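Values below: all heavy atoms of this structure, side chains included; hydrogens, waters and symmetry mates excluded. Everything numeric in this text was worked out from a predicted model, so none of it was measured.
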Amino acid sequence: MLSPRNRVDLLVPSVLSSRSALPAPAVGWPVAERRAYLVWGASAVAAITALRLLWLAVQTADLYPDEAQYWLWAQHPAFGYYSKPPLVAWVIAVSTGVFGDGEFAVRLAAPLLHAVAALFVYAFAARLYDCRTGFWSALAYSSLPGVSLSAFIISTDAVLLPCWAAALYAFIRAREMDHARWWIAVGIAAGLGLLAKYAMAYWLLSAFGYVLLMRGERRHLRPLLGAAAVAFLIYLPNLWWNWSNGFVSYLHVRDNADLSRSASMFHPTAFLEFFGSQFGVFGPLFFAVLLAIFARPRALTEPRARLLAVFALPTLGMMLCVSLLSRAQPNWAAPTYVSAVILVVAWLLHGGRRRLLPVSIALNLALAVVLFGAADALAAVGVSVPAKYDPLHRLRGWRELGARVGGVLAAHPGLTLLADDRELLAALIYYVRPHPFGAVEWSVIPGITDHWRLTNNIDRHRGEDFLAVTQHGLVPEMRAEFAELVPLQTITTSSGPGGGRLYVLYIARGYHGRLRP
């Protein structure tokens with residue numbers, strides 16, 4: 001009797017004989033084995049998710065300012081916001097509506113959404129290859145350092161990646177069955193992904209590229225167009241919001257890429273920094289294996305590998321180009337790794353290198369524990385980690401600042417809170433009690449450059465008095481816009497030994513503004 005591995009191996013010749021279409025799902029696995037792998041995979045994902053939820057409940061890190069801003073958006077659900085589409089705010093509105101406004105509730109959806117993404121990774125890995133590949137792919141995805149960080153901080157990536165994975169699973173099923181319901185599922189997942197993050201457009205580009213470039217796939221062009229139409233209908237409210245607000249989100253995406261940020265056309269240092277960061281996002285061994293696969297074109301001639309590469313390589317390639325021409329944040333290539341993790345796992349399992357797989361997963365999980373949990377663990381036993389060695393030092397000190405600013409604000413009734421920085425203002429609105437939802441931002445840069453200046457521009461507050469919390473030392477520039485600027489006090493917060501921030505507080509009376517060049 002053939003073992004499951006041998007039965008899978010017998011399928012390889014038929015797979016290699018067809019270069020225009022994917023093979024049918026692997027068959028022949030006993031039902032008991034399929035169920036066992038599914039149970040093991042779901043249990044592994046559930047265990048990792050439970051540990052992450054426990055960690056969220058006991059850790060001491062404050063909200064990052066972007067998280068605080070998303071929480072503020074959640075207080076006023078809309079079809080769009082200045083820098084992002086709305087789904088992350090809607091998700092936070094649900095979690096905080098049930099569990100309150102604490103940091104745990106704000107972040108609660110992040111590990112749960114990554115668990116959903118991991119289960120979809122299992123589903124389409126098992127569909128393309130076998131249940132063993134599905135199990136290891138789900139476990140590998142859950143272990144990625146980038147996923148570990150994203151599961152700790154609520155962000156648009158945490159909302160995007162399950163949509164990306166769901167769309168890819170539905171795409172694989174739709175191509176197999178050519179049934180309308182699966183193409184509709186593709187459209188729904190893609191539409192939700194566009195409401196999560198505009199990077200979902202890369203998925204659609206990859207799907208159309210795959211269908212158009214592979215001769216045997218062109219018969220799927222019409223249903224894929226129908227799926228894209230469904231996605232567009234779901235996304236339409238955000239397009240309408242942008243239309244009504246001068247397309248600020250799209251302009252922000254353009255400005256964020258900043259392809260003309262200097263006279264130099266190329267930025268090799270930024271390119272190398274981004275390239276090196278991907279070893280941290282995907283894991284050092286996994287990214288090295290992925291590069292080895294991409295460096296061997298023959299490795300991508302097999303149809304399943306080719307499909308996975310089409311949904312990985314273009315996104316990574318685009319971000320590498322952006323980093324060379326301007327700059328790119330490490331997480332901008334995150335969608336690459338939804339399909340890339342299966343590509344790597346399958347290559348290791350079926351290429352005689354399976355021993356690297358558990359080693360890579362163990363290394364990734366160990367890195368996550370050390371990087372994101374060591375400082376709190378050492379603090380619990382009385383050992384303070386210097387801020388420069390604490391990856392979470394930027395998440396510390398905001399609660400302290402909010403409490404102290406809140407005390408000053410309470411001592412000066414009638415003043416409106418003002419800050420000279422977007423991130424600072426977001427953190428203050430969350431951590432000052434009661435929440436100063438009417439707070440405003442002052443900036444020396446003209447124009448609408450962030451959410452605060454779009455929705456509560458300081459020019460609407462002429463003649464008013466403020467408690468100004470400043471960190472950029474632009475007091476001379478501020479004096480020109482206020483009748484009086486009276487220094488109050490200095491606040492220094494700590495983010496660990498050797499780390500902290502300095503803020504100067506003023507009473508700023510009689511805002512009158514001025515013409516700016």
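Side-chain N/O atoms of His114 and Ser150 include a donor and acceptor closer than 3.5 Å. The closest side-chain donor-acceptor pair between His350 and Tyr129, if any, does not fall under 3.5 angstrom. A donor and an acceptor atom, one from each side chain of Tyr169 and Arg173, are located under 3.5 Å apart. Residues Ser443 and Arg422 bring no donor and acceptor atom of their side chains to less than 3.5 Å of each other. If you check the side chains of Gln69 and Tyr430, you find no donor sitting under 3.5 Å from an acceptor. At a cut-off of 3.5 Å, with distance as the only test, no side-chain donor of Tyr81 or Asn245 sits close to an acceptor on the other residue.
Proximity of Glu67 to Ile153: side-chain heavy atoms (C-beta onward) are separated by under 4.5 Å at one or more points.
Of all non-hydrogen atoms in Tyr64 and Arg107, the two that sit nearest each other are N-NH2, 3.8 Å. Here the closest heavy-atom approach between residue Asp157 and residue Pro162 is recorded as O-CD, 4.5 Å. Of all the heavy atoms in Trp73 and Ala89, the pair that sits closest is CB-CB, 3.7 Å.
Ring geometry for Tyr250 versus Phe247: interplanar angle under 30°, hence parallel rather than tilted (30 to 60°). Ring-plane geometry between His435 and Phe437 is classed as tilted, the angle between the planes lying from 30 to 60 degrees on a 0 to 90 degree scale.
The 12-atom threshold is exceeded at CZ of Phe104, counting heavy atoms of other residues, nucleotides or ligands nearer than 6.0 Å. Atom CZ of Arg35 sits in a sparse spot, with 12 or fewer heavy atoms from other residues, nucleotides or ligands closer than 6.0 Å. Around CZ of Arg296, the count of heavy atoms belonging to other residues, nucleotides or ligands within 6.0 Å does not exceed 12.
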Quiz item: Step by step, would you call Trp398 with Arg501 a side-chain contact (heavy atoms from CB on, under 4.5 Å)?
Solution: CA-CA 10 Å; Trp398 300 110; Arg501 306 177 191 90; 3.8 Å; yes
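In this structure, Arg127 pairs ionically with Glu176, as a charged nitrogen and a carboxylate oxygen lie closer than 4.0 Å.
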